[in-house]
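What follows is a short report on a single structure.
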Amino acid sequence: MVGGEWPHAMMEPHRGALVAQAIARKLAQAMSDQGLSANALARRSGVNRQVIANVLNGTVWADTLTVIDLEGALGVILWPDHVQWRIPAAGEAPEGYNDEADGTSAAGSSAPDSVG
């Protein structure tokens, strides 16, 4: 991280870090929208509660099967459409991008506004 707090921190120019950050933001938003705690989502998804907390806190990056289980339990897509994101060069300020879930711009990612 360059600055700020996860999951809205400004990130180093690393596609994996930006994707993990977008997943954590979308996961937090979906849980909030549905009124789910990590315990409730764990029961619904079969994903360990501590894994969910770690993904939300940015201490781990969710693996593919975890994302799939969480998406199925929440009924939302967490994996961002990141292929067209322009990854900034080191030291370059990233451009914002629109989160698919809520249409708001978030610092730390570098996709054009039309890609989420």
Heavy-atom distance under 4.5 Å between the side chains of L27 and L70, does that happen here?
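Answer yes - side chains close enough.
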Go through it in stages, so that I can follow the logic: the residues are L74 and L36, the test is side chain to side chain contact (heavy atoms under 4.5 Å, CB included), and I'd like the CA-CA distance, side-chain angles, deciding distance and then a yes or no.
CA-CA 9 Å; L74 293 165; L36 292 174; 3.7 Å; yes
Run the side chain to side chain contact (heavy atoms under 4.5 Å, CB included) check on R44 and Q34 step by step: do they pass?
CA-CA 12 Å; R44 186 187 288 186; Q34 297 180 32; 3.0 Å; yes
Under the side chain to side chain donor-acceptor pair (under 3.5 Å) test, which residues partner R43, sequence neighbours left out?
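With neighbours one apart ignored, the set is empty.
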Using the test side chain to side chain donor-acceptor pair (under 3.5 Å), find all partners of N48 that sit at least two apart in sequence or belong to another chain.
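Listed in chain order: nothing, the list is empty.
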Using only atom types and a distance under 3.5 Å, with no angle test, would you say the side chain of E71 pairs donor to acceptor with the backbone of I77?
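Absent.
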Between [atom1] on residue [X] and [atom2] on residue [Y], distance to nearest 0.5 Å:
| X | Y | atom1 | atom2 | result |
| --- | --- | --- | --- | --- |
| I23 | W61 | CD1 | CH2 | 10.0 Å |
| R49 | N54 | CZ | CG | 8.5 Å |
| Q50 | N57 | CD | CG | 8.0 Å |

Closest heavy-atom contact between I52 and A42?
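Here I52 and A42 meet closest at CD1-N, 3.6 Å.
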Side-chain heavy atoms nearer than 4.5 Å, only ILVMFWY residues, links allowed to pass through others: does that put I68 and L56 together?
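No, I68 does not connect to L56 through the hydrophobic network.
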Intermediate values then yes/no, side chain to side chain contact (heavy atoms under 4.5 Å, CB included), V76 and Q29
CA-CA 10 Å; V76 300; Q29 185 63 53; over 6 Å; no
Determine, stepwise, if the pair T66 / D69 fulfils side chain to side chain donor-acceptor pair (under 3.5 Å).
CA-CA 5 Å; T66 298; D69 288 342; 5.8 Å; no
